[in-house]
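Scroll down for the structure; my scribbles are underneath it.
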Amino acid sequence: MDPEEFRRAGHAVVDWIADYWSTLDARPVTSQDPPGTVAAALPAGPPTAGEPIEAVLADLDSVVTPGLTHWQHPGFFAYFPANTSGPSVLGDLVSSGLGVQGMLWATGPACTELETRMLDWLAGLLDLPERFHSSGRGGGVIQDSASSAALVATLTALHRASGGRWRGVGVDRRYRAYTSTQGHSSIEKAARIAGLGDEGVRPIEVDPETQAMRPAALRAAIEADLAAGEVPAIVVATIGTTSTSAVDPLREIGAICAEYGVWLHVDAAYAGAAAVCPELRWSHAGLEYADSYCFDPHKWLLTGFDCDAFWVADAAELVEALTVLPEYLRNAATESGAVIDYRDWQVPLGRRFRALKLWFVLRWYGVEGLRAHIRSGVALAARFADRIRADDRFELTAPHPFSLVCFRLRAGDEPSAALLERVNATGRVYLTHTRVGGRYTLRLAVGSPQTRDEHVDEAWELLRTTADGLLPEDDRPTR
């Protein structure tokens, strides 16, 4: 494919994406085909001779898109958002076209320096503590996900807790990690990979009303482990838990971590984006205690997956824990100590030029455009929650400070589960579930930039009318 062929094919692909976005509302959110449908439609092997782009795009239409769950659909309310945008896609296109491998400053000076500046831009945008800015001892880096951020934080915490022995001899003592019972599964996985095992994670109970970690319970767990001769290594607090978007009390948790010398990592994967709005920064109160912090622009900040923004207060600790420098990577810039080599800030060696899509997004939308996007999601969620409150058959099961609403039928678990199944089967919306206080709970998470009032209202109408068919006449409100 020479440059002119690329130009022609590229126009066709961009047109295809634009057409896809413009027709999303008319598509079912989830695939209506049984498992194996896409595989059965694909040939057993590649073509002998090359095929034109038109043939590939035709199969995208007929084979691939009918088998997708459409995460950019305005009726996609499942999990948390994982949204992209035009600027993000264009930034990714440029990154792919440049083909930079930015493992070292020397292998991509602009790749490294643009990323450093973008993480400083984001730190300013979220009003993060100065200790996370690259102008001091700290700084930021793009990880692929909050899961990788949790792993890197755990490894660095082990390095600190061991007094540096971990890097040489491994896990030689019984180190412990702490998170709430509502903490993300990636924390448990990070502990397994780091060699702590499932027993190395202490689940801390939460307040039954707020679903946030109880600081007194954290203190008791740390003191019990110390008395047993175990070593508290890391506490992971969450801003916006997966089940209910609960916010752990960072100030109280941070003070406990400072008292006992335990690394504090703050996982704000979903809700961190809310801090672009000054009125939502209350969720970050106490962040000055954190040793590391992350959030996902690829969730609620219009930047396509994968892009997790991860900061540390002391970059030297992170580099000391993870650096490995074989002869074939040595170079004058690294030896000078004047540059950042981001290979030392992550588990893999290689890294893509992900900062480009972030740069495109921040420049296209600007601060006010990003704030408008976040505020829209919060307002739409509040609109939906008002519908829930107004119908006596339903109840909210948790606070909704951001753009996630948790609710259920008062009639119980089985009707609530049946409601979710029937509503999702329509193909018009897609919701997921969790359990809150042991009770089956539906989740509606707003995030798509294409979602408007009418899409939230349609979701409510589907839920309301479907409930009419599920519940006995006596349980239906009079209208």
Between [X] and [Y]: side-chain donor-acceptor atoms closer than 3.5 Å:
X	Y	result
H70	Y20	yes
W105	E113	yes
H73	Y430	no
W263	T156	no
E414	Y440	no

Please say whether more than 12 non-hydrogen atoms of neighbouring residues, nucleotides or ligands are located less than 6.0 Å from [atom1] in [X].
X	atom1	answer
R137	CZ	no
W364	CH2	no
E199	CD	no

Evaluate the side chain to side chain contact (heavy atoms under 4.5 Å, CB included) criterion for residues T154 and I193: first the C-alpha distance (whole Å), next the side-chain angles of each, then the deciding distance (0.1 Å), finally the verdict.
-> CA-CA 10 Å; T154 300; I193 296 170; over 6 Å; no
Ionic contact status for [Y] with [X], cut-off 4.0 Å:
X	Y	result
R352	D306	yes
R375	E279	yes
R354	D144	no

Nearest non-hydrogen partners of [X] and [Y], listed with the distance:
X	Y	value
P232	I222	CG-CG2, 3.8 Å
Y293	G272	OH-CA, 3.6 Å
A459	L444	CB-CD1, 4.1 Å
L442	S416	CD1-O, 3.5 Å
T238	G183	OG1-CA, 4.3 Å
I340	T112	O-CG2, 3.4 Å

Under 3.5 Å donor-acceptor, R371 side chain and C277 backbone | no
Please answer whether the main-chain N or O of I142 pairs with a side-chain N or O of E115 as donor and acceptor at a distance below 3.5 Å.
-> yes
Would you give the length of the straight line joining atom [atom1] of [X] to atom [atom2] of [Y], rounded to the nearest 0.5 angstrom?
X	Y	atom1	atom2	value
Y270	W300	OH	CH2	4.0 Å
S85	K357	OG	NZ	10.0 Å
H133	L119	NE2	CG	10.5 Å
R202	I204	CZ	CD1	8.5 Å
F394	R408	CZ	CZ	11.5 Å

Sole candidate of V429, I388, T465 that passes side chain to side chain contact (heavy atoms under 4.5 Å, CB included) when paired with W460 = I388
Yes or no on side chain to side chain contact (heavy atoms under 4.5 Å, CB included) for D457 and R383, after CA distance, side-chain angles and deciding distance?
-> CA-CA 9 Å; D457 291 346; R383 180 187 183 93; 2.8 Å; yes
Is the ring centre of F407 less than 6.0 Å from the ring centre of F384?
-> yes
For V141 and R351, what are the C-alpha separation, side-chain angles and deciding distance, and is it a side chain to side chain contact (heavy atoms under 4.5 Å, CB included)?
-> CA-CA 11 Å; V141 63; R351 54 198 338 271; 3.3 Å; yes
Stacked cation flag R443 on F80, 6.0 angstrom / 45 deg | yes
Yes or no on side chain to side chain contact (heavy atoms under 4.5 Å, CB included) for I234 and Y175, after CA distance, side-chain angles and deciding distance?
-> CA-CA 9 Å; I234 183 172; Y175 297 101; over 6 Å; no
